[in-house]
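Proteins come first, then strands; the chains are lettered A, B, ... in the order of their sequence lines, and each starts at number 1. Model, not experiment: these values are computed from the prediction.
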2 protein chains.
Amino acid sequence: MARTTGSDGEKTEAAIREAALALIARLGFEAMSMRQLAAQVGVQPAALYRYFPTKEELLHALMRDHMEHLIASWGEARPAYGSNQETPAGRLATFVENHIRFHLARRDATHVSNLELRSLSEERLNHILALRSQYESELRAILADGQRAGVFRIDDVALTAMAIIQMITGVIVWFRPELRLSEDEVAANYHNMTMRLVGADA
Amino acid sequence: MARTTGSDGEKTEAAIREAALALIARLGFEAMSMRQLAAQVGVQPAALYRYFPTKEELLHALMRDHMEHLIASWGEARPAYGSNQETPAGRLATFVENHIRFHLARRDATHVSNLELRSLSEERLNHILALRSQYESELRAILADGQRAGVFRIDDVALTAMAIIQMITGVIVWFRPELRLSEDEVAANYHNMTMRLVGADA
DNA sequence: GAATTAATAAAACGAACGTTCAATTAATTC
DNA sequence: GAATTAATTGAACGTTCGTTTTATTAATTC
């Protein structure tokens, strides 16, 4: 057999990406074989190579997609110039809220992006790290503005930014939708902790 | 050739553990081959199997060792009964300080224990998770005591414990000894952030 | 409806993997 | 110093891996 009836490149690529996220999140990138992935998609292994030239480029594409969506998500959520939320506290609240909700909605992609960086070549690793740094610099700017305005109490902006990122990303490690807390409650809780952490709980 | 002059089982096992931690931390468990590990130790692959029956049992042994040392470290650091540090705030300060210093001193082992849980069988995974839960319950007890005594402001003890653990363990992701901050400064910084986070910065 | 392009299957490649087994030598015991 | 035990080598096993090549069929173009 060869081309199958109803086959469509776009659908196949989307199916590959989705199946890869699920498999890598569960097994790890190195532990997932291209044969396993192909079976999950319902296709022969060779077909994968029409969409991604190597296994590593597939991983890179997944990570880039995740980071670009994250950056775009913040771009849409951030308070507009002149809005009454455009204060350091308002921006920080929006940042934390958006971050929590974005990551809870994309658990698999988050696990992949956080746990599989080691499997990238240096060049591709640097690309993903640059995107990550771009996102984190938004948080640093908020913290620095609040510090300058005297509304945040922060010893070290860079260190505090890393601490907050680690704390709020960590939600996906323990949160399960079936547990006692709702997504809203979790987001509110992390928001409160973050505000206290930067000394803005007046 | 066979047994080499000066060969010693204890030394070889220690060398295997150390090399394995370094290689797994750098490459990931699945990406590290037993041949690579043997080469690093300076031994033939078959020799590894005298000390660890399978690759997975080697990983499990490394993780168990790490968790048991962590628990023992807190056991020694915790404020004694009746000491003037035996308050919720004093115990929390000691917990954070000890956690930061322990993990900074064992970066490789920490990466292995945090990133490679997926490669354990269910049984061995449960064992490691039980040790982890045992350690985390110490933090939850401190938070609950402080909440009960009215010296901590905490919405949800379990959630706050997870957030603090994620935040303070995350130090190993970004901290490099050659950077501008000393280990003391970093520990003090995380201590301050933790205290503010639980509303105990009076 | 013929020609072209897109999408896939089927089979195979060499390399690397975890692990086992038998042989061999160093160190220890008595 | 002979017998025993501890430590390791060298070679091999079957399996699985990522990837490539070639052939084949569906969809599209003209």
A.B. asks: Please determine, for the side chain of A/Arg50, which listed nucleotide (C/dG18, C/dA6, D/dT19) has the closest atom?
C.D. replies: C/dA6

A.B. asks: Does D/dT16 have its OP1 or OP2 closer than 4.0 Å to a side-chain nitrogen or oxygen of A/Ser33?
C.D. replies: no

A.B. asks: I'd like to know if B/Glu57 pairs up with B/Arg124 as an ion pair, taking the criterion as any Lys NZ or Arg NE/NH1/NH2 lying under 4.0 Å from an Asp or Glu carboxylate oxygen.
C.D. replies: yes

A.B. asks: Is there a side-chain contact between B/His69 and B/Phe102 (heavy atoms, below 4.5 Å)?
C.D. replies: yes

A.B. asks: Give a yes or no on whether a salt bridge exists between B/Glu116 and A/Arg118, defined as a side-chain N under 4.0 angstrom from a carboxylate O.
C.D. replies: yes

A.B. asks: Roughly how many Å is it from CD1 in A/Ile16 to C1' in C/dA7, rounded to a whole number?
C.D. replies: 11 Å

A.B. asks: Applying side chain to side chain donor-acceptor pair (under 3.5 Å) as the test, list every pair that has at least one member in residues 138-147 of chain A; sequence neighbours left out.
C.D. replies: A/Trp74-A/Glu138, A/Arg78-A/Glu138, A/Arg91-A/Asp145, A/Asp145-A/Arg148

A.B. asks: Pairs of donor and acceptor atoms involving the side chains of residues 22-45 of chain A, under 3.5 Å and at least two apart or interchain, shall be tabulated with distances.
C.D. replies:
from, atom 1, to, atom 2, distance (Å)
A/Ser33, OG, A/Arg35, N, 3.4
A/Ser33, OG, A/Gln36, N, 3.0
A/Gln36, OE1, A/Ser33, N, 3.1

A.B. asks: Within this structure, what is the OH-to-P distance between B/Tyr49 and C/dG18, rounded to whole angstrom?
C.D. replies: 6 Å

A.B. asks: Let me know the distance between CE of B/Met32 and P of D/dC17, rounded to the nearest Å.
C.D. replies: 18 Å

A.B. asks: Can you give me the bend angle of the helix from C/dG1-D/dC30 to C/dC30-D/dG1? Use the axis through the first five pairs and the one through the last five, nearest 10 degrees.
C.D. replies: 20°

A.B. asks: Could you tell me how far apart A/Arg35 (CZ) and C/dA11 (P) are, to the nearest whole angstrom?
C.D. replies: 14 Å

A.B. asks: With sequence neighbours left out, what residues match A/Asn114 under side chain to side chain donor-acceptor pair (under 3.5 Å)?
C.D. replies: A/Arg132

A.B. asks: Once you round it to whole Å, what is the distance between C1' of D/dC17 and CD of A/Glu30?
C.D. replies: 11 Å

A.B. asks: Could you list the residues that satisfy side chain to side chain donor-acceptor pair (under 3.5 Å) with A/Arg180, not counting sequence neighbours?
C.D. replies: B/Asp156

A.B. asks: For DNA chain D, what residues of residues 40-48 of chain A have any heavy atom nearer than 4.0 Å?
C.D. replies: A/Ala46

A.B. asks: CZ of A/Phe52 versus P of C/dA7: gap in Å, rounded?
C.D. replies: 13 Å

A.B. asks: Write down the distance between CD1 (B/Ile24) and P (C/dG18), rounded to a whole number of angstrom.
C.D. replies: 11 Å

A.B. asks: Is B/Leu159 close to B/Asp155 at the side-chain level, that is, under 4.5 Å between some pair of heavy atoms?
C.D. replies: no

A.B. asks: Assess whether a salt bridge exists between B/Arg101 and B/Asp184, defined as any Lys/Arg side-chain N lying under 4.0 Å from an Asp/Glu carboxylate O.
C.D. replies: yes

A.B. asks: Given atom NZ of B/Lys55 and atom P of C/dC17, what is their separation to the nearest angstrom?
C.D. replies: 9 Å

A.B. asks: Does a nitrogen or oxygen in the side chain of B/Tyr51 sit under 4.0 Å from OP1 or OP2 of D/dT8?
C.D. replies: yes

A.B. asks: May I ask you to evaluate whether A/Thr54 reaches the phosphate of D/dG18, defined as a side-chain N or O under 4.0 Å from OP1 or OP2?
C.D. replies: no

